[in-house]
There are 2 protein chains.
Amino acid sequence: MSEKLFVSAQEVAERAGVSRSAVSRTFTPGASVSTETRRKVLEAAEALGYHVNELARGLMRNESGIVCLIVSDVATPYRSALLRELTLLLQNAGKVAMLINTDRSDGSVDRALRQAIRYRADASIMLSGMPDKSIAQLCLRSGQRLVLINRDDEQPGPLRINLDDDEAAGRVVTAFVRAGCRKLAFANSEAGTPSLMARERGFVAAANALGIKVSVERHGWTGYEAGKVLAQRMLTRTERPDAVFCATDLLACGFMDAARHQFSMSVPDQLCIAGFDDIEQASWSSYDLTTFAQPVSAIASKAVEWLSQPQPQPQNDDTICAQSIRLHAELVWRGSIRGG
Amino acid sequence: MSEKLFVSAQEVAERAGVSRSAVSRTFTPGASVSTETRRKVLEAAEALGYHVNELARGLMRNESGIVCLIVSDVATPYRSALLRELTLLLQNAGKVAMLINTDRSDGSVDRALRQAIRYRADASIMLSGMPDKSIAQLCLRSGQRLVLINRDDEQPGPLRINLDDDEAAGRVVTAFVRAGCRKLAFANSEAGTPSLMARERGFVAAANALGIKVSVERHGWTGYEAGKVLAQRMLTRTERPDAVFCATDLLACGFMDAARHQFSMSVPDQLCIAGFDDIEQASWSSYDLTTFAQPVSAIASKAVEWLSQPQPQPQNDDTICAQSIRLHAELVWRGSIRGG
DNA sequence: CCCGCATTTGCACGCGCTTGCAGTGTCGAA
DNA sequence: TTCGACACTGCAAGCGCGTGCAAATGCGGG
């Protein structure tokens with residue numbers, strides 16, 4: 001039955017005529033082995049098809065090399081793009097990604113996380129999403145390093161990566177105004193995550209500063225369908241907006257489709273639209289959406305970089321390194337806003 | 001420095017006043033422990049915040065509970081949808097997903113896979129993509145179980161999950177003909193994966209059986225841009241097709257956008273289009289694409305189901321269970337083909 | 001009261017690996 | 001020649017856990 005599938009360092013040692021320690025050291029960067037011994041070991045290892053058992057190694061070293069990616073809505077364009085970048089970089093850094101899907105909220109999230117703790121993951125990266133800050137707590141208490149992307153929990157310890165959502169929102173107001181729009185609207189979801197709300201606040205504030213009032217509507221999640229519903233609500237009013245900033249590209253796509261196909265409005269002639277994320281679909285010619293680009297690869301590389309650094313002194317004085325990085329969201333100008 | 005982060009079974013045992021074996025058995029389903037002992041152990045474990053060390057357990061049991069997902073183009077809608085489903089189901093089955101991204105072809109793939117082997121993954125699921133069958137070999141040789149999705153390697157051992165691509169392609173011919181189309185075309189990528197080629201063969205064969213010739217064009221990968229290029233090639237000819245079957249929804253979206261915006265053609269009046277995968281965007285009203293649905297959740301559940309079964313006798317006689325599952329791709333009828 | 005049986009429990013070993021420590025060999029300087 | 005410095009190497013302990021085996025315990029019948 002369990003018929004000895006893997007070769008162990010012991011066997012490699014025997015074949016190479018050296019001690020088991022020599023084998024171990026050969027595969028430990030920075031250990032002291034002579035070139036000759038190393039050669040013999042590598043040869044034997046190759047011949048036998050030896051692979052270091054990372055489970056045993058992790059057991060000794062007390063670090064597994066596993067980074068777990070905690071994510072909801074994996075199938076969403078922005079989320080999956082970030083996921084792609086992160087896995088790639090982690091691999092290059094010699095780490096390995098464990099995926100925790102938090103879509104179902106029926107306690108399986110908690111179960112999955114505990115699962116990750118059981119594997120002694122060195123770190124967790126939370127790609128935004130669910131507000132469960134207890135999860136973050138659990139990660140930290142089990143000695144993991146934590147990276148929070150687009151979340152704003154005021155907890156010490158983790159690295160927080162955020163965007164300049166509010167300033168970005170201000171810039172889109174300028175663009176709308178320059179295009180001659182005066183009846184601005186903001187289409188948001190009910191998710192209420194910090195970055196979404198920051199965009200809303202920034203937009204409203206910048207417009208108000210110019211003496212322009214903004215009609216705000218919130219509905220559903222950040223998906224396409226919600227965008228359609230928002231359009232139905234906002235475009236059936238007596239006074240239609242002539243420019244709408246959608247908190248998300250998916251919302252924008254839904255909004256635009258409804259505006260065009262259900263209300264026969266022309267974009268950008270009768271309605272200017274802007275989104276946020278710069279998902280692939282934003283560049284498709286049916287949408288040609290002006291939007292803010294999530295600096296996906298910058299986010300990923302900052303995160304992985306931070307994780308690759310040696311543990312920053314885990315002292316318990318009050319200057320706990322509450323690292324926070326703020327990245328810039330570049331406006332990608334396309335055809336959904338007049339004039340460019 | 002390494003200040004004892006995790007509690008061990010030993011400590012739990014001491015607090016509960018039992019032996020370490022008792023603790024171990026408490027967390028091993030099916031082991032023999034009295035209710036009283038179990039209660040004491042669970043209580044102590046809870047108080048101490050004990051989590052089984054899955055690394056050590058895997059070392060003993062010689063199975064890690066890790067399933068690795070080998071995937072390229074994670075950010076692609078179909079791929080990420082499948083990923084979502086798989087991770088969810090794996091979690092429910094008490095397993096954990098390790099993600100291997102094979103986008104870069106510069107040997108990092110190989111490195112990542114070896115990484116996975118080092119973690120003694122119990123199984124791998126290859127979500128189609130790259131043709132490197134040597135990778136599959138490596139998985140099998142290291143004792144993993146293997147699931148191949150939408151690939152057709154004729155190797156024994158793995159579970160193969162495929163679709164009825166050729167029959168599906170036949171059904172779309174019928175639909176086109178019924179819509180009054182006679183100049184059929186097939187837009188494919190150059191990737192040449194088995195399922196893509198099966199769709200092409202099936203389409204051409206079914207059309208030929210009706211005495212209709214098909215113009216076939218292949219270009220690039222299976223993305224949106226390739227679809228646009230294909231449209232540019234096929235629609236600049238003197239004799240334009242009046243119906244095109246795209247091997248992929250992304251191709252179809254690109255094709256449709258080019259047809260409408262660059263060639264001012266009306267879909268479906270002047271051109272009927274069908275795709276394959278039923279990605280979310282296919283249902284967006286700008287596309288409203290008739291397409292075949294990948295039975296994503298069926299695929300995922302078949303895969304996880306198979307992995308959850310006890311190892312099917314690993315005998316070495318010639319009746320190696322070369323399991324193969326063929327699923328049905330349902331035609332989702334929308335507005336990109338006339339008459340419904 | 002004793003004995004056979006079934007259920008629990010503890011002991012001790014080993015999974016495959018890292019690593020501190022002591023031992024071997026080599027070499028140049030004194 | 002002697003000696004310290006140095007580069008390797010092997011030994012053995014131990015990481016946290018599962019599990020076979022034997023001892024312990026409980027129980028009912030004789």
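Proteins come first, then strands; the chains are lettered A, B, ... in the order of their sequence lines, and each starts at number 1. Just so you know, these numbers use all the heavy atoms, side chains as well, and skip hydrogens, waters and symmetry mates. Everything quoted here is computed from the prediction, not taken from an experiment.
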Just to verify, what does B:Arg61 make a salt bridge (charged side-chain N to carboxylate O under 4.0 Å, His left out) with, not counting sequence neighbours?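 None.
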
All salt bridge (charged side-chain N to carboxylate O under 4.0 Å, His left out) counterparts of A:Arg141, not counting sequence neighbours: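 Partners of A:Arg141 under the salt bridge (charged side-chain N to carboxylate O under 4.0 Å, His left out) test: none.
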
With sequence neighbours excluded, what pairs up with [X] under the side-chain hydrogen bond (donor to acceptor under 3.5 Å, both in side chains) test?
| X | answer |
| --- | --- |
| B:Glu14 | B:Gln10 |
| B:Ser80 | none |
| A:Asp73 | none |
| A:Thr87 | B:Asn101 |

Under 3.5 Å between N/O atoms: give me all the protein pairs with nucleotides 9-12 of chain D, atom names plus distance.
unit_1, atom_1, unit_2, atom_2, d
D:dT9, OP1, A:Ser34, OG, 2.9
D:dT9, OP1, A:Thr37, OG1, 2.1
D:dT9, OP2, A:Ser34, N, 3.0
D:dT9, OP2, A:Thr37, OG1, 3.2
D:dG10, OP2, A:Ser19, N, 2.9
D:dG10, OP2, A:Ser19, OG, 2.8
D:dG10, N7, A:Arg25, NH2, 2.8
D:dG10, O6, A:Arg25, NH2, 2.7
D:dC11, N4, A:Ser21, OG, 3.0

From the list D:dT19, C:dC17, C:dT18, which nucleotide is the closest neighbour of the side chain of B:Thr28?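 For the B:Thr28 side chain, the nearest candidate turns out to be D:dT19.
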
Listing request: all ring-ring contact (aromatic ring centres under 6.0 Å, His included) pairs with a residue in residues 139-162 of chain B, at least two apart in sequence or in separate chains.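 Non-adjacent pairs meeting ring-ring contact (aromatic ring centres under 6.0 Å, His included): zero.
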
Examine the side chains of A:Glu85 and A:Ser297 and answer whether a donor and an acceptor come within less than 3.5 Å of each other.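 No pair is found: no donor N or O on one side chain lies under 3.5 Å from an acceptor on the other.
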
Nearest-Å distance for atom pair [atom1]/[atom2], residues [X] and [N]:
| X | N | atom1 | atom2 | result |
| --- | --- | --- | --- | --- |
| B:Arg118 | C:dC17 | CZ | C1' | 13 Å |
| B:Glu63 | C:dC15 | CD | C1' | 14 Å |
| A:Gln10 | C:dC15 | CD | P | 9 Å |
| A:Phe6 | C:dC17 | CZ | P | 11 Å |
| A:Tyr119 | D:dG16 | OH | P | 18 Å |

Taking five pairs at each end of the helix from C:dC1-D:dG30 to C:dA30-D:dT1, what angle separates the two helix axes (nearest 10°)?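 Roughly 60° between the end axes, to the nearest 10°.
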
With sequence neighbours excluded, what pairs up with B:Glu36 under the side-chain contact (heavy atoms from CB on, under 4.5 Å) test?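 B:Glu36: side-chain contact (heavy atoms from CB on, under 4.5 Å) contacts with B:Ser34, B:Arg39, B:Lys40.
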
With a 6.0 Å cut-off (strictly less than), is the heavy-atom count around NZ of B:Lys302, excluding the residue itself, greater than 12?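 Counting neighbours around NZ of B:Lys302, 12 or fewer heavy atoms of other residues, nucleotides or ligands fall under 6.0 Å, so no.
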
Could you check B:Thr35 against B:Arg120 and say which one's nearest nucleotide on DNA chain C is further toward the 5' end?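 Nearer the 5' end of the strand: B:Thr35.
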
Please table the atom pairs, donor to acceptor, closer than 3.5 Å between any side-chain atom in residues 23-32 of chain B and protein atoms at least two apart or in another chain.
unit_1, atom_1, unit_2, atom_2, d
B:Thr26, OG1, B:Ala22, O, 2.7
B:Thr28, OG1, B:Ser24, O, 2.8

Using a heavy-atom distance cut-off of less than 4.0 Å, which residues of residues 39-60 of chain A contact DNA chain D?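 Hits under 4.0 Å, by residue number: A:Leu59, A:Met60.
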
